[in-house]
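Working notes, beginning with the structure itself.
Chain A is the first sequence line, chain B the second, and so forth, proteins listed ahead of strands; every chain is numbered from 1. Excluded from the calculations below are hydrogen atoms, water molecules and symmetry mates; all remaining heavy atoms, backbone and side chain alike, are included.
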Amino acid sequence: MSSTSSARQKFQALPGTRDLLSPTSERMRALVNTFADEAERAGFGQIVSPMFEDLGVFTRLGESTDVVTKELYDFEDNGGRRIALRPEFTASVCRAYAQERPLTPWKAWYAGPAFRQEKAQKGRYRQFDQVGAEVIGSHDPDLDTELVALADRFYRRLGLRSVTLLLNTLGDAADRPRYLDALRAHFNANLDALTEQSRITLEKNPLRVLDSKRPPDAELIAAAPVITDFLSVEAGAAFERVQQGLTALEVPFTLAPRLVRGLDYYTRTTFEFAGTGLEAAQNAVGGGGRYDGLVADLGGPEDPGVGFALGVDRTLMACDADGVFDAPNPTVDVWIVAVTDGTEGLELAEELRRAGVSVDRAFDGRSMKAQMKAANRSGAPLAVIVGEDELAADSVSLRPMRRADGHSGSEQTVIPRDQMVTRVKELLAR
RNA sequence: GUGGCCGUAGCUCAACUGGUUAGAGCAUCGGGUUGUGAUCCCGAAGGCUGGGGGUUCGAGUCCCCUCGGUCACCCCA
């Protein structure tokens, strides 16, 4: 498509990005507001961090994670800095912690877009939104429990039912090598039963082989050794504590001893929320866990962290599957019908808005009939009408609008114009 | 990134095996006399059939390229 052609180029949103228009955008905002409310009720404060960081902040996330090795949006800025758009929030939160050194335990929540260069499909966008919460500076496993409980409360408040919590632990850094050895031994002993993909993965990160959904691998994975047999006393006790806590709080969970997560930084508790009403490809609606070494990897102190992130779009998809958390339909309280050719519509609308009433109206000098239609369609419960008669008498007509089921409201009345605001407010209060 | 499927008015879809001015519903706009919505009636507008090229007397229908979407793999939120 040449820019010199006579027809102007028609642009569209890039693959994996989209526009969210009114009811959908408000639905998303409502979801974020709900999350913010739950998080702040639990003592979390919001962090707003940059959408791009030094590339190094993200490459610390792991050499065998696709998120950093092939999906990062990275570029060089004018000063030659290597920059990347955030593919997730945890690394930025840790970097911020190392930089700002807030009091511990530091509890932060966030909401916003993240970026990943993948081939897009439904529930999988290049720019996608997450909400999440992190706690840095404490080893207490009760924080793991609290975090999971926060997500659980959030889901409940949305009305979501078809989400299951999968729980696992990845042990401590010291436990990992022994488990990895056992995994390697197990898979290497049955190498020809593995798919080629998995053999490659095995070289890079044996843990990740557990993630394979390829049918031929299933049998071998099911027979693979389990991390819980390799836990240190401390890690084992912590995991035990988390399970007891969740049970006490009546947060249902399913132990998933072969659950591994996409990022390499996880230690100890890891969990994932699976939307049972969703296609397998996008059923991971959220996940998180401990990352006790990440802050130090980013040049900070040896402080531990826990957190989770939830995919906003996938959560909404799960809501749809449950027929829950509908999009709000925002309406205005008053619709102004002005058929004078003057500025009454403009002025009345402003007067009401300054008085705190939500108002809209028609433009382009449309007929009264057309304006009444628009008023009706808007869903506004009240129409303020001004025509030649009202104008001459310095008055306005107030017409209660009724929905489909007939006239159940009061009659239309004519009132002095200077009483409009008070009378409108009275009518709306009923 | 690899592969399969799909792409017709704003939206949801039609158009027999390629054949005359590509249709409908909903939505939009106007009208049904003199200033009043929802129902009803009438009418209008709206598409170079995603874009480009090719085959053919003739293409929305076939072929190629391209751009989107979608599904699977991969991966993940």
Side-chain angles (χ1 to χ4, degrees), chain A residues 1-2 5 7 9-18 21 61 64-71 87-90 112-132 151 195-198 200-201 208 211-215 260-263 272-275 278-288 308-318 335 337-340 362 364 366-392 397-407 409 411-412:
Chain A
M1 194 165 293
S2 157
S5 67
Q9 182 177 353
K10 184 178 179 183
F11 291 104
Q12 53 186 325
L14 261 10
T17 70
R18 66 265 161 78
L21 269 38
L61 295 176
S64 63
T65 83
D66 286 4
V67 169
V68 314
T69 54
K70 47 189 231 202
E71 296 173 2
E88 56 124 47
F89 286 72
T90 305
F115 307 85
R116 258 120 103 155
Q117 277 196 72
E118 302 180 271
K119 180 146 180 183
Q121 58 190 63
K122 200 202 304 176
R124 205 177 135 168
Y125 303 101
R126 291 184 168 184
Q127 175 179 336
F128 61 101
D129 281 81
Q130 291 190 329
V131 296
T195 59
E196 195 181 333
Q197 279 278 357
S198 291
I200 296 168
T201 310
R208 214 33 93 48
D211 232 355
S212 163
K213 285 172 190 152
R214 290 171 287 271
V260 293
R261 309 241 337 117
L263 290 324
E272 195 165 294
F273 295 99
L278 268 30
E279 297 293 327
Q282 62 253 8
N283 74 347
V285 298
F308 67 80
L310 311 179
V312 169
D313 297 299
R314 289 188 183 180
T315 302
L316 254 13
M317 285 165 65
W335 191 272
V337 174
V339 278
T340 67
D364 298 304
R366 309 241 258 122
S367 70
M368 171 165 278
K369 179 176 178 144
Q371 292 194 49
M372 286 305 295
K373 273 184 147 180
N376 182 61
R377 191 170 34 217
S378 78
L382 187 63
V384 171
I385 303 171
V386 54
E388 294 302 329
D389 296 350
E390 287 86 352
L391 193 57
S397 291
L398 302 186
R399 181 180 180 81
M401 304 294 285
R402 270 304 128 220
R403 341 286 210 213
D405 54 338
H407 312 265
E411 295 299 304
Q412 177 169 331

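Across all strands, A:Val339 comes closer than 4.0 Å to no nucleic acid atom at all (heavy-atom distances). Counting any heavy atom pair closer than 4.0 Å across all strands shown, A:Phe273 reaches no nucleic acid atom. Contact annotation for A:Arg126: no contact, since no heavy-atom pair falls under 4.0 Å across all strands. Looking at heavy-atom distances under 4.0 Å, A:Asp211 makes contact with sugar-phosphate atoms alone, never a base. Counting any heavy atom pair closer than 4.0 Å across all strands shown, A:Glu88 reaches no nucleic acid atom. Among the heavy atoms of the strands lying under 4.0 Å from A:Gly16 are primed sugar atoms or P, OP1, OP2 only; no base atom is included. Base contact: A:Gly123 has a heavy atom under 4.0 Å from a base atom. Using a 4.0 Å heavy-atom distance criterion, A:Lys373 is classed as a sugar-phosphate-only contact.
Atoms OG1 and CD1, from A:Thr195 and A:Ile200 in turn, are 8.5 Å apart once rounded to the nearest 0.5 Å. Once rounded to the nearest 0.5 Å, the distance linking OG1 of A:Thr90 with CZ of A:Phe308 reads 10.5 Å. In this structure, CZ on A:Arg314 lies 15.0 Å from CZ on A:Phe273, to the nearest 0.5 angstrom. In this structure, CG on A:Asp313 lies 10.0 Å from CD on A:Gln130, to the nearest 0.5 angstrom.
For the P atom pair drawn from B:A22 and B:A45, the interatomic distance equals 14 Å after rounding to whole Å. For the C1' atoms, the distance linking B:A14 with B:G7 amounts to 16 Å, nearest Å. Taking the C1' atom of each, B:A9 and B:G46 are spaced 6 Å apart, rounded to whole Å. Here the separation of B:G1 from B:C74, taken at their C1' atoms, is 8 Å to the nearest Å. Across B:C13 and B:A27, the matching C1' atoms stand 14 Å from one another, rounded to whole Å. Distance check on atom C1': B:G32 versus B:G68 gives 45 Å, rounded to whole Å. Nucleotides B:G60 and B:G23 place their P atoms 13 Å apart, quoted to the nearest Å. Annotation: B:U28 and B:U12 have their C1' atoms spaced 16 Å apart (nearest Å).
In this structure, A:Arg314 does not reach the B:C76 phosphate: none of its side-chain N or O atoms is under 4.0 Å from OP1 or OP2. The phosphate of B:G68 (OP1 or OP2) has no side-chain N or O of A:Arg18 nearer than 4.0 angstrom. A:Gln371 has no side-chain polar atom (N or O) that falls below the 4.0 Å cut-off from OP1 or OP2 of B:G37. Checking the phosphate oxygens (OP1, OP2) of B:G69, no side-chain nitrogen or oxygen of A:Lys122 falls inside 4.0 Å. For B:C71, neither phosphate oxygen OP1 nor OP2 lies less than 4.0 angstrom from any side-chain nitrogen or oxygen of A:Arg124.
For B:G32, its base sits under 3.5 Å from the side chain of A:Lys369 at one donor and acceptor pair at least. For A:Glu272 and B:A77, a side-chain-to-base donor-acceptor distance below 3.5 Å is absent, hydrogens and geometry of angles not being considered.
Checking A:Glu388 against A:Glu71, the closest nucleotide of RNA chain B that is more toward the 5' end is the one next to A:Glu388. In terms of position along RNA chain B, the nucleotide closest to A:Pro15 lies nearer the 5' end than the nucleotide closest to the other residue of the pair A:Val285 and A:Pro15.
Shown here, B:A44 forms a base pair with B:U28; the pair counts as Watson-Crick or G-U wobble because both key distances fall under 3.5 Å. Across the strands present, B:U61 finds no partner; the criterion is a Watson-Crick or G-U wobble pair with both atom distances under 3.5 angstrom. Across all strands shown, B:G1 is found opposite B:C73 as a Watson-Crick or G-U wobble partner, with both distances under 3.5 Å. In a base pair of the Watson-Crick type (N1 to N3 plus N6-O4 or O6-N4) or a G-U wobble (N1-O2 and O6-N3), with each distance short of 3.5 Å, B:G68 is matched with B:C6. Pair assignment for B:U33 gives none, since no Watson-Crick or G-U wobble pairing has each distance under 3.5 Å. Base pairing annotation: B:A15 forms no Watson-Crick or G-U wobble pair, as no partner gives both donor-acceptor distances under 3.5 Å.
Distances from the side chain of A:Arg377 to the nucleotides B:C29, B:A38, B:A77 place B:C29 closest. Comparing B:C75, B:U2, B:G30 by their nearest atom to the side chain of A:Lys119 picks out B:U2. For A:Ile385, whose side chain is taken as the heavy atoms from C-beta onward, the closest listed nucleotide among B:C75, B:C71, B:G35 is B:G35. Nearest to the side-chain atoms of A:Asn376 among the listed nucleotides B:G30, B:U36, B:A38 stands B:A38. Of the candidates B:G30, B:G37, B:G68, B:G37 carries the atom nearest the A:Met372 side chain, counting heavy atoms from C-beta on.
What separates CG of A:Asp389 from P of B:U34 is a distance of 14 Å, to the nearest Å. As rounded to whole Å, 19 Å separates atom P of B:G7 from atom CD of A:Gln121. Summarising the geometry, the separation between CZ on A:Arg261 and C1' on B:A77 is reported as 8 Å, rounded to the nearest angstrom. The separation between A:Glu118 atom CD and B:C76 atom C1' is 6 Å, rounded to whole Å. Here the P atom of nucleotide B:G37 and the CZ atom of A:Arg366 are 14 Å apart, to the nearest Å. Atom CG in A:Leu391 sits about 15 Å away from atom P in B:G35, given to the nearest Å. When rounded to the nearest whole Å, the span between CZ of A:Phe128 and P of B:C76 equals 12 Å. Computed from coordinates, the A:Gln12 CD to B:G50 C1' distance equals 8 Å when rounded to whole Å.
A:Tyr125 carries A:Arg18 over the face of its six-membered ring, with the cationic atom under 6.0 Å from the centre and within 45° of the normal.
Considering A:Arg126, A:Gln127, A:Glu71 in turn, A:Gln127 is the only one that fulfils the side-chain contact (heavy atoms from CB on, under 4.5 Å) rule with A:Phe115. Of the candidates A:Gln371, A:Lys369, A:Arg366, A:Val337 forms a side-chain contact (heavy atoms from CB on, under 4.5 Å) with just one, namely A:Gln371.
Remark: side-chain polar atoms of A:Arg399 are not paired, donor with acceptor, to backbone N or O of A:Gln412 under 3.5 angstrom.
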Please walk me through it: do A:Glu390 and A:Ser397 pass side-chain hydrogen bond (donor to acceptor under 3.5 Å, both in side chains)? CA-CA 7 Å; A:Glu390 287 86 352; A:Ser397 291; 2.6 Å; yes
